[in-house]
Amino acid sequence: MRLKLLSLALALTVTSLPGHGEDLLDAYRQARANDPVLSQAEATRLATGENVIQARALLLPQVNGSLSLSQASGASASTVYGANGAPLNGGHERTRTESVTLDQTILDLSKIADLHAARSQSQSQDSQYEAALQALFVRVTAAYFNVLTSEDTLAFAKANEEALRRAYDQAEQRFKVGLAAITDEYQAKSAYELARAQTVAAQNALDDAREALTQITGRPLGPLKKLRDNLPLLPPNPQDPDAWVQEALRNNPSIAAQQYNVEAAEHTINAARSGHLPTINASVSRGKSASWLENIGGAFADRNGRYGTTVGVTLTVPIFAGGATQSRVRQSIYNRDAAQDALESQRRQTARDALNYYRSVLAGIRQVEANRASVEASQKSLEATRAGFDVGTQTMLDVLNAIQTLTQAQSSYSQSRHQFILDQLQLKQAAGTIDVKDVEAVNALLQ
């Protein structure tokens with residue numbers, strides 16, 4: 001027999017809702033396409049990947065072409081003598097140079113180390129994107145269930161308000177006919193007005209919860225399917241917290257990202273140390289240069305020139321750079337140490353998260369069961385209290401307290417059910433094994 005969560009007023013509220021609606025997979029598909037957080041992570045990943053291409057390009061041939069045209073005026077620039085031996089001034093000399101140059105790095109360990117560092121940084125960003133994708137599963141589910149919890153809270157608040165309104169009306173009528181003191185009416189009115197305020201707050205919380213889900217999905221969703229009553233309360237598999245920790249240390253993408261950051265920092269140290277080492281570059285240049293005179297009384301020169309080829313190898317030996325190279329080495333070592341500390345911090349946080357969510361799932365089973373029993377007991381207590389009030393063995397305050405206790409029990413039961421499912425997903429996220437199949441499994445629990 002399905003557990004009755006709500007009083008009659010709440011049941012009427014729930015059954016008035018549409019019997020169908022959008023589910024968790026609908027929300028996930030929208031979020032996958034529209035979530036700006038995930039889009040930012042993907043753009044950053046793609047941008048970081050371009051660094052690999054740029055670093056590799058420095059080790060490939062570099063071809064450049066150039067064309068220059070210069071002009072020098074006056075006798076100081078070009079002095080040409082006429083037939084009588086007198087200098088001819090007033091003209092100018094022009095020079096045109098054309099060339100194509102190919103440069104090729106033969107040996108530069110700094111550029112090679114930079115390429116390795118760029119690859120490690122790109123792999124780190126790939127892992128960070130994977131972490132963002134896994135986090136999306138949990139963020140969508142958390143936002144979705146927050147809406148469901150807020151809807152339940154609002155329904156409970158309305159039911160509580162209706163029950164307290166009835167109690168207030170009853171107390172008012174009993175006072176008018178002389179069956180109760182004015183104190184009962186005041187107590188009932190106070191509880192009723194407080195319930196009205198709680199209903200307003202619950203409605204506001206629901207509106208904000210829906211906006212939070214819209215922030216992820218990019219568009220408002222309609223009525224949402226709810227978690228079914230017969231929720232399977234299964235413990236984690238395997239039932240060994242150490243196994244979950246080891247799985248997390250192996251597969252968590254945030255740890256992998258930090259490991260790649262350490263590798264990139266090591267390569268950066270090698271690049272900085274290579275600043276002490278010689279480099280060898282080869283170049284091939286082919287071009288021509290021609291000069292001629294203009295506006296000088298008939299003087300003429302060949303404007304075509306002749307092509308020539310220049311081949312060379314350059315050996316560059318660093319001797320002294322003012323201490324900059326040593327400083328870059330020290331700076332790179334410090335950055336490597338910081339990356340190692342970040343890795344260790346991430347490993348410890350991941351291990352803690354895995355243990356925490358493992359324990360939370362186990363505790364969640366007991367909480368759901370205890371809250372279910374609390375709802376049943378609170379419903380029976382309210383019925384007994386109302387019966388006692390009718391025969392004079394219970395006070396109006398007892399009835400009010402019983403109503404509020406039932407509302408709190410129902411709210412706790414709703415929250416614990418949703419949190420239990422969320423803890424299961426967060427445990428798999430910590431282990432680095434969460435995927436869309438887990439979202440599909442949660443979606444199968446909706447109706």
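Everything numeric in this text was worked out from a predicted model, so none of it was measured.
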Checklist entry - Could you state the interatomic distance from CG (L427) to CG (N356), rounded to the nearest 0.5 Å? => result 9.5 Å
Checklist entry - Would you find a donor on one side and an acceptor on the other, under 3.5 Å apart, between the side chain of D423 and the backbone of V361? => result no
Checklist entry - Pick one: which of Q134, Q424, Q426 meets side chain to side chain contact (heavy atoms under 4.5 Å, CB included) with I434? => result Q134
Next on the checklist: Could you check whether T350 and Q346, counting side-chain N and O atoms only, form a donor-acceptor pair closer than 3.5 Å?
Outcome noted: yes
Item to check | Residues E383, K380: salt bridge by 4.0 Å N-O rule | outcome: no
Next on the checklist: More than 12 heavy atoms of other residues, nucleotides or ligands under 6.0 Å from CZ of R352: yes or no?
Outcome noted: no
Checklist entry - Going by an N to O cut-off under 4.0 Å, is there a salt bridge joining E162 and K158? => result no
Checklist entry - How about Q40: does its CD atom have over 12 heavy atoms from other parts shown lying under 6.0 Å from it? => result no
Item to check | Charged N-O contact under 4.0 Å between E130 and R45 | outcome: no
Checklist entry - Could you give the distance from CD (Q404) to CD (Q198), rounded to the nearest 0.5 Å? => result 7.0 Å
Checklist outcome for this item: Only residue of E263, E266, H267, Q121 satisfying side chain to side chain contact (heavy atoms under 4.5 Å, CB included) with H116 is H267
Checklist entry - Is there a side chain to side chain donor-acceptor pair (under 3.5 Å) between D242 and Q246 once you walk through the steps? => result CA-CA 6 Å; D242 291 335; Q246 294 304 318; over 6 Å; no
Checklist entry - Think R32 forms a cation-pi with Y28, using NZ or CZ under 6.0 Å from the six-ring centre and within 45 degrees of its axis? => result no
Next on the checklist: So for atom CZ, which belongs to R219, do other residues, nucleotides or ligands contribute more than 12 heavy atoms lying within a distance under 6.0 Å?
Outcome noted: yes
Checklist outcome for this item: Closest heavy-atom pair, G364 versus F420, reported as atoms and distance to 0.1 Å, is C-CD1, 3.9 Å
Item to check | Salt bridge present between K189 and E193 (N-O < 4.0 angstrom) | outcome: yes
Next on the checklist: Looking at D390 and R386, is any side-chain nitrogen of the basic one under 4.0 Å from a carboxylate oxygen of the acidic one?
Outcome noted: no
